[in-house]
A.B. asks: 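The structure is given below, and queries will be raised subsequently.
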Amino acid sequence: MEDLVRQLEEIVGREAVVAGRDKMESYLFDETCIPVRPPAVFDCVLVKPGSGTEVSRILKLANEKRIPVYPRGGGTGLVGGAVPTRSGIILSLERMNRIEVDLENLMAVAEAGATLGGLLKAAEEAGLSFPPHPGDEGAQIGGLVACNAGGARAVKHGVMRNFVKGLEVVLPTGEVIGFGGKLLKDNMGYNLMHLIIGSEGTLGIITKVVLRLNPKAPYSFTLLLPFNSRHDALNAVPKILRSGITPLALEYVEKELMGRSAEHLGEKWVFEGEVFLIAILAGEENIVYSEAEKLSQICVENKGLEPLVAERRDEQESILRIRSNIYTALKRDSMDILDTTVPPSAVGRLADAIDSIAERYNAYIPVYGHAADGNVHSHIMRKDADNYEAVKREIYEATMRLGGTITGEHGVGKIRVNELYKFTHPKSIELMKGIKRLFDPNNILNPSTVLEV
Ligand SMILES: Cc1cc2nc3c(=O)[nH]c(=O)nc-3n(C[C@H](O)[C@H](O)[C@H](O)COP(=O)(O)OP(=O)(O)OC[C@H]3O[C@@H](n4cnc5c(N)ncnc54)[C@H](O)[C@@H]3O)c2cc1C
């Protein structure tokens, strides 16, 4: 280990290499629920390169010596992807955090260690916007691309993949490759860039990303659409989507969860109603108003109660902050958070299936999520730990019967590898393993993540 530290110091300088558990504790875990989080191996060296060239030299060294490398972004992942599970190198991109906005092409070029918060701010300062909001603002661009993160606004704008136009990637062998660019069209051969997007740090280290930006929407407001039951609220979703209105976000939440999250933040949830759809509408003011009216009418015709409007920016932000913090508020009492996803028209049936599983196991399963994407977050709580495996299996099976996937946004990481194998065609697994071998012949990059090779 001493030799490795010295060699890494030669590449990045002494101040960018950290050895010793006490100095790198916060790099040894991510936001995965603790009972299912993979145990970290402490015998690691943390290195913080300052350029793509340094990343390349680190990977050449690691590949030569067959040392595992664990790429790390903001550590907000929910499936243990960034947790080091063998003795090796933790590679943090945090020093590579520059962002340049290209106003002419409506693009940003961000280094992988820039945060989502930093990107949103840079776009806003340039009079533009980065429409997706894929999760915690402390997540880094490299991590968001590596996970193909989704978030609340995917219903209108899609996931990270829809915004990535170019990548700079360092392969496990140390070669640096550029994919795509500031291009809206690019059909040159197989699209390897899209293979890297969502590969969870197993095929290459993302060092730079070209992202599409949008002009800012002139006006937005948030509608709270209360319902008496989960069933009624989620069954209204396909009707909204069929109406031709595509909200910026259409989230499903429950009063109890919003109350817990508000309390966790030291705020209050003051709105009447048991369960809610939260719709964010954005665009020209007159269009937003007419969409809001139509949307309210659809909900009322489908067992919804009187809608509530948040027009002030601070009110809107408070609702979204409370929604975004449900996970954090529930985390302490949770065994696991699932993010199963079904075709949008089946989201009500998935919720019904989860209700029936909860009843059979006498379990409490809080549910919330990105309703219009069919993407439901369901928590299995610590109090139901005895039935954890059975409840999880039943939710996955119900999801698959509805034509869904076991993960719509969080990914496989290190904790869902068995389920990936269980629910994926063996030929697909064989092809994935072949791709991993081509990119990473010595299996040094984030081993035991996505695949067990
Ligand atoms: C409160 C909260 C809310 C969230 N909401 C959402 C949401 O709405 N939608 C959603 O999709 N996710 C959400 N997430 C999950 C998380 O924010 C995303 O998965 C995010 O993409 C992780 O980014 P990160 O930088 O924190 O990556 P990390 O957790 O550090 O790493 C995640 C994975 O990416 C790899 N990786 C990181 N950086 C690189 C790089 N430069 N090159 C190659 N691989 C890399 C790691 O090895 C690991 O496998 C949420 C998380 C929290 C805590």
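Since the model is a prediction, treat every value here as computed from it, not as a measurement. When a ligand or atom number is given, it counts from 1 through the structure's own listing order. Along the sequence shown, residues are numbered consecutively beginning with 1.
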A.B. asks: For the NZ atom on Lys121, are there more than 12 heavy atoms of other groups (residues, nucleotides or ligands in this structure) within a distance under 6.0 Å?
C.D. replies: no
A.B. asks: Taking the six-membered ring where the residue is Trp, are the ring centres of Phe163 and Phe130 under 6.0 Å apart?
C.D. replies: yes
A.B. asks: Would you say Thr76 and Glu31 are linked by a side-chain donor-acceptor pair, where the criterion is simply a distance under 3.5 Å?
C.D. replies: no
A.B. asks: Got a salt bridge between Glu64 and Lys60, using NZ or NE/NH1/NH2 to carboxylate O under 4.0 Å?
C.D. replies: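 So Glu64 does not pair with Lys60 through a salt bridge.
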A.B. asks: Could an N or O of ligand 1 be found under 3.5 Å from any N or O of Ala112, whether backbone or side chain?
C.D. replies: no
A.B. asks: With nothing but distance in play, are any N or O atoms of Gly73 less than 3.5 Å from an N or O of ligand 1?
C.D. replies: yes
A.B. asks: By number and element, which atoms of ligand 1 are closer than 4.0 Å to a non-hydrogen atom of Gly81?
C.D. replies: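 Once the distances to Gly81 are compared, the set is 47 (O), 48 (C), 49 (O).
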A.B. asks: Above 12 or not: heavy atoms from other molecules or residues under 6.0 Å from NZ of Lys65?
C.D. replies: no
A.B. asks: Is Ile205 close to ligand 1, meaning an N/O of one under 3.5 Å from an N/O of the other?
C.D. replies: no
A.B. asks: State which residue, out of Asp339, Asp336, Thr407, fulfils the side-chain hydrogen bond (donor to acceptor under 3.5 Å, both in side chains) condition with Arg416.
C.D. replies: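 So the option named by the test is Asp336.
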A.B. asks: Distance-only, no hydrogens or angles: does the Asn446 side chain make a donor-acceptor pair with backbone N or O of Gly81 under 3.5 Å?
C.D. replies: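 Indeed, once roles are kept as given, a pair shorter than 3.5 Å links the two residues.
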A.B. asks: Report, in ascending order of atom number, the atoms of ligand 1 lying under 4.0 Å from any heavy atom of Gly75.
C.D. replies: 24 (P), 26 (O), 28 (P), 29 (O), 30 (O)
A.B. asks: If you count the atoms of ligand 1 from 1 in the order shown, which ones are under 4.0 Å from a heavy atom of Leu144?
C.D. replies: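 Taking each heavy atom of Leu144 in turn, ligand 1 has 20 (C), 21 (O), 23 (O) under 4.0 Å.
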A.B. asks: Run down the list Ala152, Ala139, Pro71 and name the one with the heavy atom closest to atom 23 (O) of ligand 1.
C.D. replies: Ala139
A.B. asks: Does a side chain donor of either Lys156 or Thr246 reach within less than 3.5 Å of an acceptor in the other side chain?
C.D. replies: no
A.B. asks: Do NZ/NE/NH1/NH2 and the carboxylate oxygens of Arg57 and Glu54 come within less than 4.0 Å?
C.D. replies: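 No, no charged N to carboxylate O under 4.0 Å.
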A.B. asks: Any idea which protein heavy atom is nearest atom 12 (N) of ligand 1, and the distance to it?
C.D. replies: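 Of the protein heavy atoms, His410 CD2, 4.0 Å lies nearest.
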A.B. asks: Please determine if Glu274 and Arg230 form a salt bridge, counting it only when a charged side-chain N lies under 4.0 Å from a carboxylate O.
C.D. replies: no
A.B. asks: Tell me, which protein residue and heavy-atom name are nearest atom 8 (O) of ligand 1, and how many Å apart are they?
C.D. replies: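 Of every protein heavy atom, Gly151 CA, 3.3 Å lies nearest to atom 8 (O) of ligand 1.
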A.B. asks: Please list, in number order, the atoms of ligand 1 under 4.0 Å from a heavy atom of Leu93.
C.D. replies: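 Those qualifying, in numeric order: 41 (N).
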A.B. asks: Can you tell which of Gly143, Gly77, Cys147, Gly201 gets a heavy atom nearest to atom 33 (C) of ligand 1?
C.D. replies: Cys147
A.B. asks: For the aromatic rings, using the six-membered ring if either is Trp, is the centroid distance between His379 and Tyr364 under 6.0 Å?
C.D. replies: no
A.B. asks: What are the atoms of ligand 1, with element, lying closer than 4.0 Å to any heavy atom of Asn446?
C.D. replies: 47 (O), 49 (O)
A.B. asks: Which heavy atom of the protein is the closest neighbour of atom 22 (C) of ligand 1, given with residue, atom name and distance?
C.D. replies: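 For atom 22 (C) of ligand 1, the nearest protein heavy atom comes out as Thr76 OG1, 3.3 Å.
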A.B. asks: Name the closest protein heavy atom to atom 14 (N) of ligand 1, giving the residue it belongs to and the distance to 0.1 Å.
C.D. replies: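 Atom 14 (N) of ligand 1 sits closest to the protein heavy atom Leu78 CD1, 4.0 Å.
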A.B. asks: Could you tell me, atom by atom, which parts of ligand 1 come under 4.0 Å of a heavy atom of Glu31?
C.D. replies: 53 (C)
A.B. asks: Would you mind checking which non-hydrogen protein atom is closest to atom 3 (C) of ligand 1, with the distance to 0.1 Å?
C.D. replies: Asp136 N, 3.9 Å
A.B. asks: Among the heavy atoms of Gly204, does any lie under 4.0 Å from an atom of ligand 1?
C.D. replies: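 So Gly204 counts as touching ligand 1.
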A.B. asks: Do Glu175 and Thr173 pair up side chain to side chain, a donor and an acceptor below 3.5 Å, judged on atom types alone?
C.D. replies: yes
A.B. asks: Starting from atom 45 (C) of ligand 1, which protein heavy atom do you reach first, and at what distance in Å?
C.D. replies: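 For atom 45 (C) of ligand 1, the nearest protein heavy atom comes out as Ala146 CB, 3.6 Å.
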A.B. asks: Please could you name the atoms of ligand 1 that Gln140 approaches to less than 4.0 Å, counting only its heavy atoms?
C.D. replies: 24 (P), 25 (O)
A.B. asks: Among all protein heavy atoms in this structure, tell me which lies nearest to atom 49 (O) of ligand 1, with the distance rounded to 0.1 Å.
C.D. replies: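 The closest heavy atom on the protein side is Glu200 O, 3.1 Å.
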A.B. asks: Do any heavy atoms of His370 fall under 4.0 Å from ligand 1?
C.D. replies: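 Heavy atoms of His370 do come under 4.0 Å of ligand 1.
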A.B. asks: Any donor-acceptor pair under 3.5 Å linking the side-chain atoms of Ser448 with those of Arg86?
C.D. replies: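 Arg86 vs Ser448: donor-acceptor pair found between side chains.
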A.B. asks: Which is closest to atom 7 (C) of ligand 1 by heavy-atom distance: Glu94, Glu409, Lys208?
C.D. replies: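 Closest candidate by heavy-atom distance is Glu409.
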A.B. asks: Report the nearest protein non-hydrogen atom to atom 5 (N) of ligand 1: residue, atom name, distance rounded to 0.1 Å.
C.D. replies: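 Of every protein heavy atom, Gly135 CA, 3.1 Å lies nearest to atom 5 (N) of ligand 1.
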